[in-house]
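Before any comments, here is the structure.
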Amino acid sequence: MELFRLQVLICAGGACISSGSKSIFQVMEEELRNRNLTDEVKLIQTGCVGSCDIGPVMIVYPEGIFYQKLKPEDVPLIVEEHFIKGRPVKSLLYKEKSTQKEVEKYRDIDFFSRQVKVVLRNSGIIDPEKIEEYIARDGYQALAKVLTEMKPEDVIESIKISGLRGRGGGGFPTGIKWEFARKSPGDIKYVVCNADEGDPGAFMDRSVLEGDPHSVIEAMTIAGYTIGAKQGYIYVRAEYPLAIERLSHAIKQAREYGLLGDNILGTDFSFNLDIRVGAGAFVCGEETALLHSIEGKRGMPRPRPPYPAVQGLFDKPTLINNVETYANIPPIILNGGEWYAKWGTENSKGTKVFALAGAINNTGLIEVPMGISLGEIVYDIGGGIPKGKELKAIQAGGPSGGCIPKEYLSTPVDYDSIKKLGAIVGSGGLIVLDEDTCMVDLARFFMDFIVEESCGKCTPCRVGTRKMLQILNKITRGEGTLEDLDLLIKLGEQISKTALCGLGQTAANPVLSTIRYFREEYEKHILEKRCEAGVCSSLYISPCQNACPLEIDVPSYVALIGEGRFKDALSVIRERTPLPGICGRVCHHPCQSKCRRGQTDEPVAIKWLKRFAADWEIKNQPYTHIPVPVKDRIEKVAIIGSGPAGLTAAYDLALEGFKVTVFEAMPKPGGMLKWGIPDYRLPSEILDYEIRYIEKMGVEIKCNTKVGKDIAFEEIKKEYDAIFIAVGAQKSIKLNVPGENLEGVIHGVDFLRKVNGGEEVAIGNSVAVIGGGNAAIDSARTALRLGAKEVTVVYRRLKEQMPADKEEIRQAEKEGVKFIFLAAPVKILGKNKVEAIECVKMELGPFDKSGRKKPVPIEGSNFVIPVDTVIPALSQKTDLDFVPEDEFKISKWGTFEVDRLTLYTGVDGIFAGGDAVTGPSTVTGSMRHGHIAAKYIKKYLDGEEVRFEYEPFHKTEIPVPEPSDEEIIEQPQRVMPTLPVSQRLGRDFAEVELGYSVELAMAEAQRCLRCDRTE
Amino acid sequence: MEKVTITIDGQKVEVPAGTRVLDAAAIAGIKIPTLCAYSALDYYPGACRVCIVQVEGMRGLQASCALPVRDGMVISTRSKEVIEARKTVIELLLSSGVHDCNTCPRNNNCELQTLAEMYNIRTNPYGNALVNKREKGKDDAGPALVRDYDRCILCGRCVQTCAVVQTVNAIDFADRGYKAHISAAGFPNIVDSYCINCGQCILACPVGALYEKEDVDNVIDAINDPEKIVVVQTAPATRISLGEELDMPYGSIVTGKMVAALRRLGFKYVFDTDFSADLTIIEEGHELIHRIQNGGTLPMITSCSPGWIRFCETFYPDLLDHLSTCKSPQQMMGAVIKAYWAKKVGIDPSKIVSVSIMPCTAKKYECQRPEMRSSGYQDVDYVLTTRELGRWIRQAGIDFSKLPEEHYDDPLGESSGAGVIFGATGGVMEAALRTVYEVILNKPLPKIEFESVRGEQGVREAVIDLDGKEVKVAIAHGLGNARKLLDKIRAGECDYTFIEIMTCPGGCLGGGGQPIPTNTEIRAKRTEAIYRADEGLPIRKSHENPSIKKIYEDYFEKPLSEKSHHLLHTHYTPRPVIVPNDN
């Protein structure tokens, strides 16, 4: 054998070929020739390496240097620098997705290092067109062993011990299947390979056929010997031309080498193999339909029993397995069943190939030991979810499978566990779904596929699936009813029970599993006609408007700002909120993450444009156009709490003409807006202006009036015709560690309340803030402004998992806040005063219900940070002392239980909303509650039944400019001018974000793509 | 045979191993509904899912028609789960197309309708068939058959019948999923395909997706037209089956009542196709004798069955010389009416509207063949099936059971028993033999009945002793059976002299225009009635029919004369198979 200094493997899998690996190969060949390196460097085209999203890829041995996303023009550089000078080209190396750090070696890349390759043992390593390379890696040794040393029963026993189960989806024990086929009486038998892989996104079979075709040929020959068959057929879909080409070539080579045909390896065993090309009907993956198709009949399934092992191809006993199953056989024979059984779980042994697709950083093909958790696949191998989006669910098993929500990431991947969750391992397709996936639409997608692919033979599948699709279409158009949902479940269950073949019996799975886990999402489509993922486009005018909890007509006001009609823009905003200046500063702006412009460059700065409009009014035309109630109502409404929920409800009710009184315990109104958010984020003047605006409409706000103390709840009940409880959640949750009572410990909400209220708060030099939410970041930045020298935020998880607004974290870092991640306090040290805080390091353990890895303490890793102030800012809950016990339904989290859609408590005339219902939530979420409460309080006072009623979205009546037809030029968001850090840290709490100028605002607004206009 | 014991609905039953659960249940006295299973063809596709049952230890529900019993199997055929599932399947079928029973040709005689009634389907959550728009429409471009795609439930019984009974394969499944339908095997319409118009698919259809092209209204219009003289002929096999359409027992002979009814419906003259059957025997018998004596192409094959003619033209065009050149009795009668009879009674043949009542759908096609205009007009204008006539009689409010027995109009109403037995497989053979024997040997038959050519077997052979000279004959009914004989002829492996081929199983009495249901038991009763009718007639040999004798004296002069060649014989056209473009 020739010796080479370097071996260069270029992936020639389907994905890499389509991204241009053939031309890389050609250029490399040429370059090596030109440089006279052909004797030193061996160039090999391999099958699929698996990392399909970063192709074309190349691996250079002996070191295993891994190059990604190659272009032909990169080749000379690699040859010059790496092959000649021995310096790998850094810029072309693999980069870790989250950190963008280069990783030199193939084996150090997480995506590869966690995999175990049995099926894919040769893929990406050998040249699939050279039988010698297969043989050099123990190829055909298993066949030789079987033919010379093993009886058929030994082969079966070995497979039985391995625990291998059918990888095509059914999961039937392979050894038992082989035994059935062997024992089935008959002179003529057949071995069939199912390579009719048809699940959308699954391509493991193709990859094996393209990357290692001999492994299947060898296994099928072993199977022929074992069951007593002389003829085999490989049924491949015509859509896999490369697989067919390489397989045909491999069969020819095997014949030439005496490994196929008459008297194999000189024994008296003869076996032949032919390819049958299928036209690509999905149903032909069903074994009886596949056999019919090989026979030349229409590919329709027939009832089983009889099973193919008894009566299969041409009515003869037939062994049928899929590609992946066969590819496992040679190593099992060579290494023994026990070797294979060392991987996996009790009933699912060995490894499994999965095709990773969807919203995941590393898409491609992976092979992992059975029993690995779903979370490890998604995060450790798959590299997590791109663009910082949130994982929603994993669709496993394709059109026959189901969706597993993120709560179950710790589930081991094996046949039984996955099935228990309503999905299946299937052939191994895993589609990762993020927050932008609508589960109803997803179910509709799969049902649409099934309706097209059903063979049409049996009634339930032919007619039933179409009816299901019709219902799903209705729901995604917002025309569904709750009865439809029940019918969908009933029909799905009936189809599963009554359909003829596997296709039909599993056809309803995607629908049933999404209803099982995401019923609320279905109900939102049906009742509220809302698709929160922003997919079902007939339900909204634009994705931003759809994402907004207040459903503000965003495209209209953005367009008006773009034209300089700022007052009109503000009027559009006020149609949905009385607090535009607040929203424009502290909203968590879900609108922007759905902005279509974000797909081109960056989303439109919707939040900042809203703030601009609000500020413009304050500056130029304060307190103008205050709306007048349509009529006078005599009914009196009490609102308890003047936070975002209470204020919004007050505005809406005042607009209807009701007499509204807001009770506020604190000396000033605003709730968390006033007492929780520091002035540098939300200046008091803005808050005061917007509250004053509401007061001008006749709303009376009674401050310093704590219900239960200054006025009895019973008295309000007597005095008022309806009540809206919107008291928020202000009670801090304790750390529950020793030392929490020491001087120098102040809880986040208390700390912020005091500072915001102008109280003098003594702050030490070094401060530890515990927590990862906005309250923690606000506390840290506030502490800095009060003069703390060093502020450290301690958080038990990783930075990317912090719930706080990303922009706030960035600004905190800029201002000098330090962060310690993966740590949690265990003790606060000190005699009377805080002297230090003792923490323990955490590591990320198994996935918890939130879909995140649960932090677990590392024993003995304790460390001490010397601090003089500790601010725990974990979370808050509602103070329920003011309401009579037992009168209201209270949840186990200490919140009011109300009807989700009307906020009615069930107690006559009393509604509740905001954080008091949801727990600590978003400002705009609370405002939404304010609207809902006002709407149903009016209904209640009108004497109508308090029952949810859908109200279609009304587009503003203000004439809105037409979109311009100018070409779109890529340009990023206009930068928000901010106060220099040097000027921020004074005690004046000057606002950090300075706001857009007229020019900036108009330019930014003009970036809107006006996707609200469909024509 | 090995027996196994199973439990069905709590009842222990011993049945032969391998029995289908459906049949095992029947043994236990439990009827399981089916729509796609077709025992006549051993067809159990498990497609409709109406026959589902619950089997302990098996996942989901099982199609009892396809599932073989296993020892110890515990089956429930009527649990709540099973009934619910069956209801869902029925509801889905009802919602899958236009199942508006009021306008369906199979109203009151539909297997799906019966199930809907049995299973208390009162509302349908999957959509009311009445409000469904017609999605696929009808294929009614042909002369004889109509396929209503919107009523089709995709059971596949027609496909199986076409493929197995007739080996024509004119139809097959096409497309997938909800778009799946029965297509004309690659052709746009059934009329363009190899369909032979036999109508056996209609008999197989459980619903109203297949039916004959209806002509009753055209006939009524003609009757109401004062300018027209409407005459009618009735085929042999209609007299023993029409009663079924009118609530009479299977095998009732209703010849006289049928004649009476036709008169009441407004036909001016009622003739009997049996007369022209006798005429056929004279012509065909002499043709056979001629071929035997002059070295003509043998075996000679009968040509009365238009489906068979079309089949031969398509699949065995090389054997067309074997076909007798005789027209079918219907077409002979048609020609005789407009050429001979019209002149005789002095009616302008252009004013005659000639109608025939036939057990056959292919006759609708046959009468439109361009060859069938030897009178100078279309010899037969309209063909009504037995079913159409039955429906018309009911529509007219005629109390059939109370009708008197009336006689056909002479001279074209007089016939022999030989004419009657044309309606059964082997009948033409037997009728021909009765005549040929006596003509060749010029002596009376010792025994009129040729039992050896009768029977149900698909292919039958007999050796006829013509006074020491043995003549081998064969009979086939159902074109799948015919193929066996035809392939032998092609291979030069047969020494038959004469072969009778009938398109439909049982002969014309099992024709595609006969009452539904038509099955083995019912065909047996009709066969028995045919032979009974024969026995009851005073004249049983065609050549002894006085009116036949007269027509030769008056008009044709002799068999195979020039006139008879002009009016009573025809020719055939090869229509070989062209594989349709399969893009």
Side-chain angles (χ1 to χ4, degrees), chain A residues 279-284 288-289 297-306 310-311 447-471 474 481 483-484 486-488 490-507, chain B residues 18 20-21 35-36 44-55 58-70 81-82 84-97 112 124-127 135 152-156 159 172-182 185:
Chain A
F282 181 64
V283 73
C284 286
T288 60
K297 298 176 187 156
R298 182 176 157 89
M300 287 207 289
R302 62 156 174 83
R304 299 173 308 172
V310 177
Q311 196 181 322
M447 196 45 74
D448 194 47
F449 178 84
I450 288 292
V451 165
E452 289 297 317
E453 293 296 337
S454 158
C455 81
K457 182 174 178 180
C458 77
T459 309
C461 182
R462 179 182 71 244
V463 187
T465 57
R466 157 108 164 192
K467 295 289 164 190
M468 287 184 79
L469 180 63
Q470 285 174 342
I471 299 172
K474 250 177 96 181
T481 63
E483 289 75 35
D484 284 334
D486 293 338
L487 190 61
L488 208 49
K490 185 197 153 190
L491 186 51
E493 286 170 350
Q494 289 291 354
I495 294 171
S496 310
K497 261 193 277 188
T498 58
L500 195 166
C501 80
L503 186 151
Q505 286 159 9
T506 57
Chain B
R20 299 168 187 287
V21 169
L35 283 174
C36 65
Y44 300 99
C48 73
R49 316 308 284 178
V50 168
C51 72
I52 40 176
V53 295
Q54 211 167 356
V55 179
M58 289 182 89
R59 200 160 39 96
L61 300 171
Q62 306 296 320
S64 62
C65 74
L67 182 69
V69 293
R70 234 180 325 107
E81 196 180 344
V82 169
E84 284 282 303
R86 280 189 197 154
K87 279 179 108 156
T88 302
V89 171
I90 296 166
E91 285 163 355
L92 287 173
L93 281 173
L94 287 171
S95 77
S96 71
L112 180 60
N124 190 347
Y126 308 110
E135 289 197 7
C152 178
I153 58 168
L154 273 295
C155 68
V159 175
D172 202 353
F173 287 91
D175 258 328
R176 294 204 286 251
Y178 196 78
K179 293 181 195 129
H181 63 279
I182 308 296

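All chains are named by letter (A, B, ...) in the order of the sequence lines, taking the proteins before the strands, and each is independently numbered beginning at 1.
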B/Lys87, NZ: over 12 other non-hydrogen atoms inside 6.0 angstrom: yes

Enclosure of B/Arg70 CZ (heavy-atom neighbours >12, cutoff 6.0 Å): no

Which of B/Ala85, B/Gly156, B/Ala63 touches chain A most, by non-hydrogen pairs under 4.5 Å: B/Ala85

Between B/Asp172, B/Ile52, B/Val89, the one whose heavy-atom pairs under 4.5 Å with chain A are most numerous: B/Val89

Selection from A/Pro301, A/Gly299, A/Pro303, A/Ser496 maximising heavy-atom pairs under 4.5 Å formed with chain B: A/Pro303

Most chain B-contacting option - heavy-atom pairs closer than 4.5 Å, from A/Thr459, A/Ile450, A/Asp484: A/Thr459

Could you look at [X] and say if it's the side chain, the backbone, both or neither that has a heavy atom under 4.5 Å from chain B?
X        : answer
A/Ala281 : both
A/Glu453 : both
A/Ile471 : neither

Once you round to the nearest 0.5 Å, how far does [atom1] of [X] lie from [atom2] of [Y]?
X        : Y        : atom1 : atom2 : result
B/Asn124 : A/Lys467 : CG    : NZ    : 8.0 Å
A/Lys457 : B/Cys48  : NZ    : SG    : 11.0 Å
B/Asp175 : A/Glu452 : CG    : CD    : 9.5 Å
A/Arg298 : B/Phe173 : CZ    : CZ    : 7.0 Å

All salt bridge (Lys or Arg N to Asp or Glu O under 4.0 Å) counterparts of B/Glu81, not counting sequence neighbours: A/Lys497

Salt bridge (Lys or Arg N to Asp or Glu O under 4.0 Å) partners for A/Lys490, two or more places apart: none

Indicate yes or no: at least one non-hydrogen side-chain atom of [X] is less than 4.5 angstrom from one of [Y].
X        : Y        : value
B/Glu84  : A/Thr498 : no
A/Leu469 : B/Tyr178 : no
B/Ser95  : A/Val463 : yes

Which region of [X], side chain (C-beta onward) or backbone (N, CA, C, O), has a non-hydrogen atom less than 4.5 Å from a non-hydrogen atom of chain A, or is it both or neither?
X       : answer
B/Ala66 : both
B/Leu92 : both
B/Pro45 : both

Closest non-hydrogen atom pair, [X] against [Y]:
X        : Y        : result
A/Pro305 : B/Met58  : CD-CE, 4.2 Å
A/Ser454 : B/Arg176 : O-CB, 3.2 Å
B/Arg49  : A/Pro460 : CG-CD, 3.3 Å

Under 3.5 Å: donor-acceptor pair, side chain of A/Arg462, backbone of B/Ile153: yes

